Structures are given as structure tokens and as C-alpha cells.
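Worksheet: the structure to be examined is printed underneath.
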Amino acid sequence: MADVNITVDGKKVTAPAGTLLIEACKSVGIEVPSFCYYPNLSLQGACRMCLVKVEKMPKLQTACTTVISEGMIAITNNDEVRQARKSMVELLLGNHPLDCPVCDAGGECELQDMTFSYGAAESKFMEAKNHKDEQQWSPVVYFDRPRCILCYRCVRVCGEAMDVWALGVQNRGVVSVIAPNKEDHLECEECGMCIDICPVGALTSGAYRYKTRPWEMNHVGTICTHCGDGCKTTLGVRRSDSGMQIVRGDNRDKSGINGDFLCIKGRYAFDFADDPQRVTTPLIRRDGQLAPSTWEEAFELIGKRFAEIRDKEGGRAIGVVGSNRTTNEENYLLSKFARVVLKTNSIDHRRTADFPAFAAAMVGKPHAAATMRDVFNAPAILVIGNNPTEQHPLLAWQIRNNVRLHRARLYVINSRPIKLRRQATSFTEIPQGTEGQAAAFLGGDDSAAEALGSGSREMWVGLRDKLRGEGKLIIIFDSAIRGKDISALVKFGSAVSGAKFVCLGDYSNSRGAADMGLYPDFLPGYRPIADASTFKDEWGDMPTAPGLNVSQMAEAAAAGTLKGFYVVGSNPVGGLGLDPFAFSNTFVVVQDMFLTETAQMADVVLPSANAYEKAGTFTNTCGDIQLVKKAGEVSDVKSDFEMIVRIADATGFEVRKLVPFGGRGTSADMGQSRGAQSGEADRHVVWLEAHGLEPKMSPFDPMAILDEIQRLVPGYDVSRMNLLAGNDQHTTTVGTGQGGVQDAKLIAPANDNLFTSGTLGRYSRALNSVIENRNPEPAEEVAAD
Amino acid sequence: MHLVSHPDEVKVVSKRFGKGATDLDRYLALDGYKAVQKALGMQPDGIINEVKNSGLRGRGGAGFNTGLKWSFVPKQSAKPKYILCNGDESEPGTCKDRLIFEHDPHAVIEGVVIAGLAVGSHTGYIYIRGEYRYLSNLMQKAIKDAYARGLLGKNIFGSGYDFDVYWHGGAGAYEVGEESALMESLEGKRGIPRIRPPFPAVVGLWGGPTVINNAETLASVPHIILGGAEWYSNLGTPKNGGTRLFCLSGHLNRPGVYELPMGYNLKKMIYEVGGGIPNRKKLKAVVPGGSSTPVLTADEIDAPMDFDSLMKAGSMLGSGGVVVLDETTCIVKFALRTMKFYRHESCGWCIPCREGTDWLEKTLIRLHAGGGLKKDIDNILYLSENMLGRTFCPLGDAAAMPTIAFVKKFRKEFEDHLEARPCAFEAAGSVERLPVMA
Amino acid sequence: MRFSDEFEGRFSEMLSHYPTKRSVLVPTLLYAQDEVGYLSDEVIAELATRLDLTELEVRNVISYYSMLTTKARGKYNVQVCTNISCMLRGAEEIFEHCKKRLGVGPHGTTPDNLFSLEEVECIGACSWAPAVQVNYDFHENLTVDKMDQLFDECKKEGTQLRNL
Ligand SMILES: Cc1cc2nc3c(=O)[nH]c(=O)nc-3n(C[C@H](O)[C@H](O)[C@H](O)COP(=O)(O)O)c2cc1C
Ligand code: SF4
Ligand code: SF4
Ligand code: SF4
Ligand code: SF4
Ligand code: FES
Ligand code: FES
């Protein structure tokens, strides 16, 4: 768009035609105060805070609704403007309770800030204020009418951006009030977006209300531990008896791939961390009962038993199950530990998508995997299967708002009338379980159309032609499409210019688990086990035949050939339905936060830290890698990383071969000993030094292994600076890794909805209280036109 | 019925009042629908020019030149264009559209059709406030009758031009009379005004270009088409063409709705047309154009009643509601009742009007009850002045402007209420005291 | 739910007058209220379904318009204008009288459910002030005596109807 030149407070400003005056001002550092204006939401002109002088206009103009025009001269700081702002604040305060000292928003309230910057010290108001009691609208949303300044941000974010439309405005004039959709309560997605966007303390969260003050917390920006989308969430932590307690989740730092967004899980479901049922001491089975032990005793026992089994029965007698929620570093370490220390390739995890087949289909297309940000900007999107609104809330947000703000065309093919059809240009219903055929049809197998239900062949051909004509199409699918159907879909996409793909996995680091090789037949980076060359050079000796997958492990246990079973952050008994009795004669070690069904059958249970209590990286379902930071802390638990290292040590393994660590000298040395990569010094150390920090690594520092991941896993060589600075970066493992076809039956999608999150969700009070409060099937409401 | 008359009246819009013109045959016999037929033979620009030259200015309050407004409608439009007749009449002191609907509903329909021909629209809506149920019934019948005769609908008068007119009803909201809130209401929403620009003439109902005119404005149009711009213009003063319905109310011997030429002298209107003040009381003040217009003192009433002259006098011609206050009226109480209205009718969208009207009303209640402090009077001025020109729609101004005038022109009365002094006018407005109309 | 045939006829005809369904909402709410007496939960749910709106959306609209109510009123809703033109001619006295005679405050309903009382803004009868609307009927140039006559008539009519 052509540029327009204007003058603001004597400064020349050039901005694209169509820019709002308030944004043009911002672009040159001139802040125009605003309450009701919020980027990407509809314009209101309601609060009148942004009034400025525009030359040739008799009245002050709202900068938030004024589109700049060539030669416009605006003044944002003369007496008239200042007086207007001051009086708006005065008028608001007339009916606003002065309870800032107890208000949740105190300290981060926009009205407080405005009063400070523009308001008057003396109060002109001496009338009684209009009072109304605070209301609880849902387990997570509370509303305090007197504090509300009626900026309508909540109404708009809920309607326009969330497409939930659960909030409205009722009455008129001074008794106007924000109202929930069920008269006195809310039935909604409980995302808390309304609370987050409220500039004052009118909407507050059940999880956080009156718990603490913003300035009494530390704020840690980390990655949500629930679904596979990878939202950045800011956790507010406070010192407590047993460490650091997480008291709040929000989105104050909007720099993540999620922008303004967080769903209920990222915002409130951190509370599993202080569930009283959490295991806080190692447990060893004695006389059939799990009884507390010391860490030393536990590690010694595990190390001894695993070494015994390995040495007596061979590594094949040990099975390892990793996690979808542990970090890349832990998954990589576990993969290495199994192969190098336990000498077994029998390692697996709960597979929630066919990533190896996706990788195989994408070989040679490192740039064809879409990022989460791409989904917000693509001109066209195809979603086959899945219900992103429930299963991938951020993805759904990206799609919805792309359609709303950029008019992207959305094509939905689904067996159910999923909510995203409301944004869809085209919605095609197919019989349940035929997503694969749809992919095959798109890939050119015309006969597959037979299975696709009532839609005529012509309709399908028409749809395919239309999709082929869409440039830069993003094709999104989940575990319903596997194996050769994925290659068919990728083949179809290759005919569309600039097409990209997203393969949806379910948990926060499902993609990372796959990328890091938690497979019996793949090493990190989807390298077939038979082709272990580079890893062999670095890792040393390891078995070369593919190991057992999870169900084979259970069979082997039942047959008496699996003697050791090591489960890290996973619940295969509860989640995959493994028979616990099959393991009666197997030595089972479980690292978990809770006594899950799997932990209950264990011989040793090690209490673990969750993703909010440790550092590392996560790779979301799109392949965006992000830094996970430690926020909470609970005494007497350890990170999985540390536990793996301790067990390796207890088996008598030289830990330095597992995790390169050491002081300054050592790490520098390790940088040089990398042969081909010797020019590449240890970037972590360099970065730390550059930032005046002491480069020091312990064997428990996951950053030590991140170096190795970046070197050895293709596509993970992203900028360390950016990673540590908290920016998301795209990995290209899918596109460079070899991959391959596996048994499709091993894929077990999580089928979580908005308010569940596997085993973890069961321990979240926030999620449970919402589930208890809900009618069985929330009726889907229709949007206002 | 509500009919009164005075020799100075010039009956144009009220020409058919009392003549049974709600009946279509009667209406046709009284030159009804002749203007549409004439307009069908004119070029759209011809119609617009005729109306523009007649000096007809909006009777809804703002007094914008009607023909000029019509000329803003784009000739070509991808979306349908609409005519919207504003019959929400809710400005305190105003009861003229009611009489037009009561006596001459077809004139409004005719005006709508002509406006449609002028701007190339094929659909018109006549929005009538919810309280006027009997008039809505009358209007629905009138529309039905006109359809039955082929005067509306497909191929009107065999011209090949299609035009539909529909009735629409409100449900109690003054703000819905504001043109953009009116459109929201018609679209089935809360009456919250829209951001302007774009103006309705460009983006209006359902996004299509829309002409919004007051019922009286539209009812005047057929007469202009038939009588010609020059004739109509000459009835009034230059730039203020024609006549208008003045609603005389308050302390008068002969309150009523009278049609007088634009520019008619206010003093004469009060003392001659309205029969003067009852009980030989003295005049204290006049609100000349509905409750939103700044009050004039007894000394300021020797002024011609047209848009420009009243502007010069520091007030506005507004909606034609002339409210007369005699010397026994308590200005503080009058100001309070006025503010109570705006507080009640504020749509609540924007801070200054929503909070300002509430605050002002509370302060005025306290002040009138004798609990006022000296600073309250300045505070009232301060608040009003800080609302003025800063609200989202003109309702905020409508609340602020008269308040400023009350305080500035009658400051002493406000001061007299301070420090628990009882209101000296408690007896004002006794029913017994006033002559009762038949 | 079903309304009267007249309502249904008007409703379906009005739907054809506008490019969007919800445009019929405001007048339809008033007509529905006239039939049912007030806008019950059932009416709200019904209209929401018919017009593809959420109930919330319908309630938002209802609460905006002063004539619309979600609470039952008396058979005769006495609406006394106390705005400026009426005030100047004694509306307050009329209103006080109504309160006394009916024994209820603003927005109150008499125990026999015959009368409700409301203070309203200008109803467009300023030149014939003071004025009152009983349901949709205008009563103008009122005095306290005329008001009493009006109450008597309503009472008579209301009781007769009830005894039918
Ligand atoms: C608060 C407010 C209330 C209004 N009420 C009415 C009304 O009841 N009737 C009316 O015709 N115009 C009313 N208007 C003026 C309209 O916005 C609009 O200017 C008018 O209908 C245009 O018609 P005209 O040009 O024929 O006057 C009101 C304006 C405001 C700001
Ligand atoms: S929590 Fe989310 S869905 Fe619920 S009302 Fe708030 S914004 Fe809407
Ligand atoms: S609750 Fe908060 S976000 Fe919503 S309108 Fe009120 S102040 Fe604005
Ligand atoms: S969308 Fe997924 S990643 Fe984002 S907050 Fe929700 S559960 Fe967490
Ligand atoms: S001035 Fe503001 S609050 Fe008042 S009616 Fe207009 S938009 Fe509504
Ligand atoms: S920010 Fe411009 S009016 Fe609210
Ligand atoms: S002021 Fe009472 S009817 Fe107008």
C-alpha cells in the first residue's frame, strides 16, 4: 500500500495508507493513551481516552478511529488534549471503587497508570458510587462490576477472536453491565482471554484472586506443558514452604508464537504441580508395598538391577518408555542412555502422530513444514480431520484469526461438524475414519472417493482442483492420516505451489519425542537404526537391530523375556492399556509426579519434576523449538534428566560419555574435540560469556546435551542466541531426516479436549472444577451476524 | 385529533390534518401521490436539485440541507440503497411527527418513495417509536392500502420502477433516534451509534448507502415537488425554506402544534400563537427546540425561529419543541429533570456521557435538595464542558449544552439553593394552577 | 412455542422485509411481549432459535429498550410522563397520586395484578401535557380527577374481564 505522510507533534511520520492515527503515533514513539482500542479487535471509539487535535477539525478526534491521510497534522499533547484525558480519568474514577490496595490488578492496572499519568489528584466527586456485588461466573472467571470501565475488550476478544460470544453488554447508560451468556454464569471455553485483556481488575481469575500482588511474584516465561501447540505462558511464582509455588499463569509477555492467546490449560492448569497426591520421595517396593527410601538407595538399586539384567540377559531384556512431556534434552538423553548404557533399542513412547512417515514423505523439502506463525499468515488452509478448537486451541486461534483478519480461505474436511466450519469457505463432511481415503483421493487415487460418503465424484474433483489452485496452502492433518496416506497427501501438496504441512501430535513435546528418537527403529532425527554411523562415532557401541515397541515390550514381559522396564514420565498402563500383571516378574522403574497406574506396579518410583520445574527445550507440533524455563520448584523431586544421569552413574557407566560437562576448560576442549565441527565452539559457553555469565556445566545441565543435539540431529542447528533469548525457531528435521514407515496401529492419539490433558489433567483442580461445572455436552452457540 | 389553529399558520405539512387523509381515497382526492407521479417523470438529479433549492432543512434537529444530503449518496453502488424515515420522535418537547403519522401517513410514504427515486433506491423503511402503537397500526394499514393499489411494490404507477416500503417499530429508546443508532436498532441490535465516517449516505443499513430523514422532512417533500422549490423556499427565509411544525408546550394558554413559516418570531409565537402565559405570570425562559437546546431567557426571545438565527442567539432550532417556563419554575429542578432524562437515555457506550450524565444528575439532585456546596456549581459547569464535543455521539452534547446554559444564565438560582436553603419554587407546576385543556 | 396466528403471520411477513433475519428482532420482541405479558425465558429461547441468535444476544437487546421487560406486569401498565413539558403542567402530582392510589412505587404492580406503575420519559404528548399512557393508550391533558376516572374505568373493565 502506498505510504502517507503526516505530522504528529511536529514529527514527520510516514506510514502505509489505511494506518490508524494511534498506530502511526506509536510507530514514532508517541503514546496516545487508550482503553478501548486493542490491536486486531474491532474499533469502538468508546473510551475517548485517545482524543487528539487534528488540524482543520473543530472537535478533538479519536486517534483510534482516525485513518491517516496525506498531510494530516495532529497534536497529541496540547492543553486541550491533556484536559480531555484528565477529565476522562476523572469521570471514570467517579464511579470506580478505590480498592486498588486489594485489587488483583493493582500494580498492573491501566486505569491506575492513566490516573498516574493524566489524572487529577483531587477528587471532584462526592456522590455515592454505584455498587454491585462481585459475581462468580465460572470456576475461573469472576466479575466485579464497579471496577469495570466498559471498554468492551472482553466482549470482543471472546466473540471476535475466540468465536465463543459468551459475553455481552446489557442495560444501557450508567447501569450498562457486561453479562455472561447464561444469565448468572458462563458456559464457555474458559480460556481466560477476557481476564487477560481486561485493563482493570473487573475480570479476575478464580485461580489467582487475592492470592498475591503482582510485584510479589517472579515472572517466568516458559512453554505450556499441555497440548502440542507450544504457547508461551508466563508463570508467576512465589516462594513457599516447599520451594517456589506457581500462583498464576498468564500471557503478559506476548512475544510467543501464541501472541495474545492462551487456553485454559496454559493459563490455569499449572496447579497439578502442588497437588497433595504428588510423590515427593523415592519409593521402593518392600514386601509388596511401595515404601519411602533415600535417593541413594533407589539409584543404587536401579543401577545394580539394570546392569545385572543387561549383563546377564542382554540389553534386549530391558524396555524403555519415554515421555511426550519431557524436554528434548531428556528425550535425547534417554534415547542415548537406552542404547549406550542399557544396550537396548527397545525404546518407545506413546505415539500420537505418524511423524516418521511424515518425515519420510518430506525428505528433501526442509521448508515445506509450516510454523505455527505461518498458520496465522497463510492465504489458504486445508484441515483434514481433527478438531483443533478442542485439541489444538492455539492452532484453532491462528486459523480463526487468519480468516478474520487476513481473509484466508479455510477448507475443512471432517467427519463431524467441527466448530472451525464457521470460519470455513468450504466444509466437506466425510464418514468417520475416512480421512486417509480423503488424503489418498487428493493424492490422485480417484477410486478413494467411493469411501467418502455422499459427496459426488464431481464435487470431490472440484474441491481438489480448487485446492490445487490455492497458492501457499497449508495442509493440516492429524494421526487419522498415517503411513502411505501421508505420502499421498504430501504428493498432492507438492503440486500446489508453496504448500506447507502440519502434522498434529498431541502433547507438548510429542514432536520432540519423535525427533529425539524415542523409537525402537529410529535414532534421533528419524535416522534408521541400521544407519547409525554418525551416532556410533559419537556415542560409541550400541545394538544395531531394531528393538521392541511398547506393545511388544508388554508381550515380552508376559512371556518372561523382558526383565527390566524403565518408564520415564509416561503412563502406558493407564494410557495405552498395557496389562500390569504382565510385568509381575519384571523389574519396573517409573519416574513420575504421581502414583499413576503404571507407577503403582513399579518396583521403584522416582518423584520427578514437571516441565514447569526445569529447563530445556520443547519442539511443538509444527517443529518450532522453544526454550523451557524453570519456574516452580518442589523440594525432594528431581528432573528426569538428572535421574537418568544418576542411574547411568549407578550402573557404573562413565557419565562424561553420556553428558559432556565440565568447567570452562573442559567445555572449550569439548568444542575442539568435535572433529568436523571443531570450528564451531561451544555456543552455549560463548553465549554465556558474552552475557557476562559464568560458563559452568554440571552433568545435570541439559544445556550440555543441547550442544550435541544441535550437532547431531539434522535440522536442530538453530541459533542458540535466539533460543536462549526466548524466541521460537523452526527446526527442519522433518525434511532432512530419513524417516520411514512403521506399524500404523501403534499410534494412539490422546483425544484430549479443551479441559483434559492426559494423566496430568486429572490432577489439575482448575480443569476438574470446570469439568464438574459443565453440562454434559455444551451446546454450540451460533455467532451473532 | 389534537388540532388547533391560528391565523398566522401556513399549512403545508399540516394541510391535510383533520381531513380524513388516513383513508387512501381521501388522500388521493387531496392531491395524494401526485408528487410521486411527477417525480417519476423527473431525472434523479432534478429531484435532488428541486429539494436542495427549496431550502428544506432536516426537521429532525440538525437542520442539514436535505437535497444536499441526498446528493452524497453514490450513484453507483454494489449494495442496495435504502431510505430510512426517522419516526422515533423522542426529544422532550416534541410531538409533531406523531401528528403527521396520525393525520397524513401517506405523505410520509410518498416522501420516502420520492427520496428513493432521487437516489436510486428501491426500498424504504419507516421507523416509528414503540410507544406509538396506534400510529404503527395506521402506518401498516396505509402501506398495505398503497400496495393494494399498485402505488408501492413492483412497477409503481406502471413506471417500471419497483419500490418497497416497510414499517419498522422501536421499543423505547431516545438514543435510537440518532441516525446511526437507528440503523443498529433496525438491524435488530442495541441502539449503539456507529463510528463515523463512513456516513450513512455512503455506508448505512447492511452496508448499503442510506438516506435518513425525519418524518416531517420527508412529509414536506411531496409538497415541494408539486409546489416547486421556489414557492416552498419563499415561504420561509433565505437558507431556511418553508414552514415547520412547532410544538408549543409548557406554561402557555394555548399549547399545541402549529405550522408556521421558518423565521417566525419566537416572542410572537409565545404570546400570540400560544396565547401567552397563564395566570398573567411572567415569562422566565424558553427552551426553543426540544430539551437538547440551550435555554433562552425572557430577554432573548425576540428572535426569528430559523436554524441560523437561533444559532446566533446561542441556541438551536432543534426539533421544533418550544417549551415555555414561567417565573414560578425552578430552573435547578428543570435542569435536573432534563439531566435525569439524558442519564436514563444515554446508551452508555462512551465514558463522558455515561459517567457524566450520572454524575451530573446526582449532583443536581443533591443541589436541588439543598445539600449543595459552592463548588458544585462550578463542578457542574466543569463536567458539562468536559463532555461537550468529546462524546461518541451528539447525545452527550445534548446533555451538556442545556446544562451549561442553565448554569450560566441562571447561576443565581443555583446559588440560592446552596446551604440547605429550601427551593423557593416548590409550588411550581401545580395541576390546579393551570387552565385545563379540553 | 407458538404465538397467535396474527403474530405468526406478521412474523413471517416481516422476515421477508429485511436482508438479515435478526432485523425483525426489536418489533417482534414487543409484539411477543404484548401476547405473553413479558419476555419469558421461553420466549427468549424461541426467538433466539428462530433468528439464529444466542439467548445472550437477545437479552442484550431486550435490556437496552425501556419498553421491553422480562418481568410480568399488571394488566394495565400506567406510564406517567414526568418529562419537562409534563412536569411544567403537574406531572409530578399525577405521579404522586398514582403511587398513592395504587399503593405501589415505580415499577411496582398492585397485588391484584391489575396495575403496574412506571415513570416514563417524554411520550410525544408534550403539547397536551400532562400525559399518561396506559398500555398503548394515550390519556392527555390530565388532572388528578381525570386520573381517578381512568383508574375506575380500568378497574371496572379489568374486573369484568376477570369475571367472564
Ligand atoms: C440523541 C439523538 C436523538 C435523535 N432523535 C431523533 C428523532 O427522534 N427523530 C429524528 O428525526 N431525528 C432525531 N435525531 C437526529 C437524527 O440523528 C438525524 O439527524 C435525523 O433523523 C436526520 O433527518 P433530517 O435531516 O431530516 O433532520 C436525533 C439525534 C440525536 C443525536
Ligand atoms: S473465558 Fe474465554 S470463552 Fe469464557 S468468557 Fe472469557 S474469553 Fe470468553
Ligand atoms: S470487564 Fe474489563 S475488559 Fe470487560 S468491559 Fe469491563 S473493563 Fe473492559
Ligand atoms: S493451546 Fe496448547 S500449548 Fe497453548 S495454552 Fe492451550 S494447551 Fe497450552
Ligand atoms: S454520547 Fe456516548 S454514551 Fe451518550 S448516547 Fe452517545 S454514544 Fe451513547
Ligand atoms: S482508545 Fe480511542 S476511543 Fe478508546
Ligand atoms: S414531556 Fe411528557 S409527553 Fe413530552
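Chain naming here is simple, since letters A, B, ... match the order of the sequence lines and numbering starts at 1 in each. None of these values were measured; they are calculated from a predicted model.
The candidate from B:Glu175, B:Arg190, B:Arg343 with the greatest count of non-hydrogen atom pairs under 4.5 Å with chain A is B:Arg190. When A:Val169, A:Ile149, A:Thr66 are compared by the number of non-hydrogen pairs under 4.5 Å with chain B, A:Val169 comes out ahead. Note on B:Thr363, B:Ile192, B:Thr357: by heavy-atom pairs under 4.5 Å with chain A, the leading option is B:Thr363.
When B:Ser291, B:Ser319, B:Ser292 are each tested for a side-chain hydrogen bond (donor to acceptor under 3.5 Å, both in side chains) with B:Thr94, only one passes: B:Ser319.
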For residues 67-74 of chain A, run the donor-acceptor check on the side chains, cut-off 3.5 Å, and write out each pair with its distance to 0.1 Å, sequence neighbours left out.
{"residue": "A:Glu70", "atom": "OE1", "partner": "A:Asn5", "partner atom": "N", "Å": "3.0"}
{"residue": "A:Glu70", "atom": "OE2", "partner": "A:Asn5", "partner atom": "ND2", "Å": "3.2"}

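With a threshold of 4.5 angstrom between heavy atoms, B:Leu373 approaches chain A through side-chain atoms but not through N, CA, C or O. Proximity to chain B (any heavy atom under 4.5 Å) is shown, for A:Gln83, by both the backbone and the side chain. With a threshold of 4.5 angstrom between heavy atoms, B:Asp397 approaches chain A through side-chain atoms but not through N, CA, C or O. With a threshold of 4.5 angstrom between heavy atoms, B:Asn379 approaches chain A through side-chain atoms but not through N, CA, C or O. Only the backbone of A:Asn171 has a heavy atom closer than 4.5 Å to any heavy atom of chain B. At a 4.5 Å heavy-atom cutoff, B:Leu388 makes no contact with chain A through either its backbone or its side chain.
Of all residues spanning residues 399-408 of chain B, none has a heavy atom less than 4.5 Å away from chain A's heavy atoms. Among the residues in residues 36-57 of chain A, those with a non-hydrogen atom closer than 4.5 angstrom to a non-hydrogen atom of chain B are A:Leu43, A:Gln44, A:Gly45, A:Ala46, A:Cys47, A:Arg48, A:Leu51.
Between the side chains of B:Asp164 and B:Thr123, no donor N or O sits under 3.5 Å from an acceptor N or O. A donor-acceptor pair shorter than 3.5 Å cannot be found between the side chains of A:Arg82 and A:Asn78. With 3.5 Å as the limit, one finds no donor-acceptor pair spanning the side chains of B:Asn86 and B:Glu179. With hydrogens and angles left out, the side-chain atoms of A:Gln135 and A:Asp184 include no donor and acceptor closer than 3.5 Å.
Across all non-hydrogen atoms, the minimal contact from B:Glu178 to B:Pro394 is CG-CD, 4.1 Å.
For an aromatic pair to be called close, the ring centres must be under 6.0 Å apart, and B:Trp359 with B:Tyr342 fails this. Taking the six-membered ring wherever Trp is involved, the centroid distance between the rings of B:Tyr125 and B:His168 does not fall below 6.0 Å.
B:Arg411 forms no cation-pi arrangement with B:Phe414, by the criterion of a distance under 6.0 Å to the ring centre and an angle within 45° of the ring axis.
Listed for the A:Asn95 side chain is a donor-acceptor partner under 3.5 Å among the backbone atoms of A:Asn130. Under a 3.5 Å cut-off, the side chain of B:Ser315 and the backbone N or O of B:Pro294 do form a donor-acceptor pair. Side-chain N or O atoms of B:Arg390 include none that pairs as donor or acceptor with a backbone N or O of A:Leu60 at under 3.5 Å.
Applying the ring pair (Phe, Tyr, Trp, His ring centres under 6.0 Å) rule to A:His406 yields the partners A:Phe376; only residues at least two apart in sequence or on another chain are considered.
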